[in-house]
K.L.:
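If you scroll down you'll find the structure; I have some questions about it.
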Amino acid sequence: HGGAKGPRRARGKEPFPPGFPAPSCPGWEGDAVVISGRKLARQIRQEARHEVQQWVAAGNKRPHLSVVLVGENPASHSYVLNKTKAAADVGISSETILRPASITEEELLDLIGKLNNDAAVDGLLVQLPLPGERLSSLLFHCHKASKDCPEWCRAARGGSCPDPAPQHQLPAAAQSLGVRESIPVNVVVAGRSKNVGMPIAMLLHTDGSHERPGGDATVTISHRYTPKEQLKQHTIRADIVVAAAGIPNLITADMIKEGAAVIDVGITRVQDPVTAKPRLVGDVDFEGVRKKASYITPVPGGVGPMTVAMLMKNTIIAAKKLLKPKELEALPA
């Protein structure tokens with residue numbers, strides 16, 4: 001690597017924010033730092049495990065997470081299994097409530113209402129997608145805010161996050177650019193779903209002076225019907241690009257400016273042309289984009305593990321919020 005140039009610096013920003021070490025190779029010049037969601041998730045789960053131990057040792061009830069799973073979607077069943085395994089790993093008790101795809105609106109709302117009012121339930125998660133547009137739409141209006149562990153529902157409706165604010169699934173998005181109050185950041189969110197795209201956009205643009213978390217970013221939202229050339233006009237100027245449209249290779253290298261941070265939330269199961277086996281891909285042309293970006297998340301192993309880790313963290317926050325103020329005052333600092 002002799003004689004090669006040093007790491008590229010983003011104008012006006014630290015090249016390697018706290019928590020993301022610079023590549024060890026002194027000749028690194030173009031490839032992005034790959035943000036390992038698995039590594040960050042391990043750290044967060046370790047913190048959650050310690051927090052649960054302290055919480056229970058202080059005489060409190062073990063946090064409990066209820067997951068509602070509707071239908072026979074194999075991917076959903078796999079995701080829920082991962083979440084319940086993670087709960088057991090950090091010391092959170094959990095249950096999975098299975099319901100058939102034929103469940104009616106009234107039956108689902110009645111079930112969620114009972115869980116909302118059950119004092120034994122600290123966190124409530126309804127696994128998406130639900131069968132039918134109507135059921136998914138209803139979900140965003142029936143969660144009790146104090147038990148809404150993903151915090152998608154309130155954010156999708158335009159609500160701000162409570163204090164203390166649960167961490168959503170994209171802490172890496174802000175950290176990856178070392179966002180500071182004095183640095184204006186342009187973000188493009190490609191995707192407008194109620195459970196991913198819209199909440200991310202809401203959380204990243206909030207006013208840091210009055211709300212937590214406050215991204216203070218200027219956010220542009222696109223979707224699957226935005227013409228690619230029009231999308232490129234926005235992404236080429238963006239400091240952060242969040243891809244969450246569910247379209248493989250939506251974001252390519254020619255659409256990204258040098259030094260941008262690229263967060264890939266997309267996940268699509270495709271057939272590998274070589275092995276003929278199914279594999280997971282994101283919305284970003286990873287190999288091409290990593291040569292221009294400063295930070296990038298892989299699929300799999302990027303955002304996915306973080307969603308599970310943050311669900312554990314938010315369940316603990318929900319358990320503490322359900323205590324009465326006098327009970328909270330009695331807890332050790």
Side-chain angles (χ1 to χ4, degrees), residues 17-21 35-68 79-97 115-127 143-155 159-175 199 203 208 211-214 301 303-333:
F20 292 92
I35 302 172
S36 172
R38 291 191 177 102
K39 183 177 179 180
L40 289 170
R42 280 196 298 270
Q43 295 173 359
I44 292 166
R45 282 167 65 161
Q46 185 175 347
E47 293 169 5
R49 190 180 303 114
H50 179 66
E51 198 169 349
V52 169
Q53 289 171 350
Q54 286 188 319
W55 179 251
V56 174
N60 298 291
K61 178 181 73 67
R62 187 173 296 279
H64 180 81
L65 172 67
S66 291
V67 183
V68 177
Y79 298 151
V80 168
L81 182 60
N82 288 339
K83 289 165 185 173
T84 54
K85 283 182 177 178
D89 178 58
V90 303
I92 293 173
S93 66
S94 68
E95 63 176 336
T96 301
I97 302 170
L115 294 170
N116 277 336
N117 295 318
D118 188 344
V121 176
D122 299 302
L124 172 57
L125 168 71
V126 180
Q127 180 65 40
H143 259 68
K144 190 174 184 178
S146 61
K147 296 188 180 186
D148 176 19
C149 284
E151 276 294 326
W152 293 142
C153 303
R154 297 188 69 227
S160 60
C161 286
D163 189 11
Q167 302 282 328
H168 61 94
Q169 72 178 32
L170 283 181
Q175 280 187 300
L203 291 166
E211 300 178 80
R212 293 176 56 193
V303 170
M306 290 296 295
T307 65
V308 178
M310 299 319 299
L311 174 63
M312 302 304 110
K313 198 84 169 174
N314 289 349
T315 300
I316 298 168
I317 291 174
K320 292 182 176 181
K321 283 165 61 179
L322 287 174
L323 282 184
K324 295 175 183 177
K326 289 184 178 179
E327 291 174 314
L328 281 172
E329 289 175 9
L331 291 176

K.L.:
Under the side-chain contact (heavy atoms from CB on, under 4.5 Å) test against Pro305, which residue among Arg38, Arg42, Arg45, Met310 passes?
P.N.:
Arg38
K.L.:
Output the distance between atom CZ (Arg49) and atom CD (Glu47), rounded to the nearest 0.5 Å.
P.N.:
10.5 Å
K.L.:
What heavy-atom pair brings Ala319 and Trp55 nearest, and what distance separates the two atoms?
P.N.:
O-CZ2, 4.1 Å
K.L.:
For the NZ atom on Lys85, are there more than 12 heavy atoms of other groups (residues, nucleotides or ligands in this structure) within a distance under 6.0 Å?
P.N.:
no
K.L.:
Is there side-chain contact between Glu95 and His64, with heavy atoms separated by less than 4.5 Å?
P.N.:
yes
K.L.:
Indicate the atoms forming the closest heavy-atom contact of Arg62 with Val52, along with that distance.
P.N.:
NH1-CG1, 3.8 Å
K.L.:
Is the count of non-hydrogen atoms from other residues, nucleotides or ligands lying under 6.0 Å from Gln46 atom CD greater than 12?
P.N.:
no
K.L.:
Does any non-hydrogen side-chain atom of Thr84 lie less than 4.5 Å from one of Leu65?
P.N.:
no
K.L.:
When Ile97 is tested against each of Val67, Val126, Leu115 for side-chain contact (heavy atoms from CB on, under 4.5 Å), which residue passes?
P.N.:
Leu115
K.L.:
Should Lys313 and Val90 count as side-chain neighbours, where that means a heavy-atom distance under 4.5 Å?
P.N.:
no
K.L.:
How far apart are the closest heavy atoms of Val308 and Ala86, and which atoms are they?
P.N.:
CG1-CB, 3.4 Å
K.L.:
When you compare the side chain of Asp89 with that of Met312, does any pair of heavy atoms fall below 4.5 Å?
P.N.:
no
K.L.:
From Asp122 CG over to Asn314 CG, what is the distance, rounded to the nearest 0.5 angstrom?
P.N.:
12.5 Å
K.L.:
Identify the heavy atoms of Ile92 and Pro63 that sit nearest to each other, and give their distance.
P.N.:
CG2-O, 3.4 Å
K.L.:
Atom CG of Asn116 and atom OG of Ser66: how far apart are they, to the nearest 0.5 Å?
P.N.:
10.5 Å
K.L.:
Return the minimal non-hydrogen interatomic distance between Ala119 and Lys61, and the atom names on each side.
P.N.:
O-CE, 4.1 Å
K.L.:
Are Ile44 and Met306 packed together at the side-chain level, in the sense that at least one heavy-atom pair is separated by less than 4.5 angstrom?
P.N.:
yes
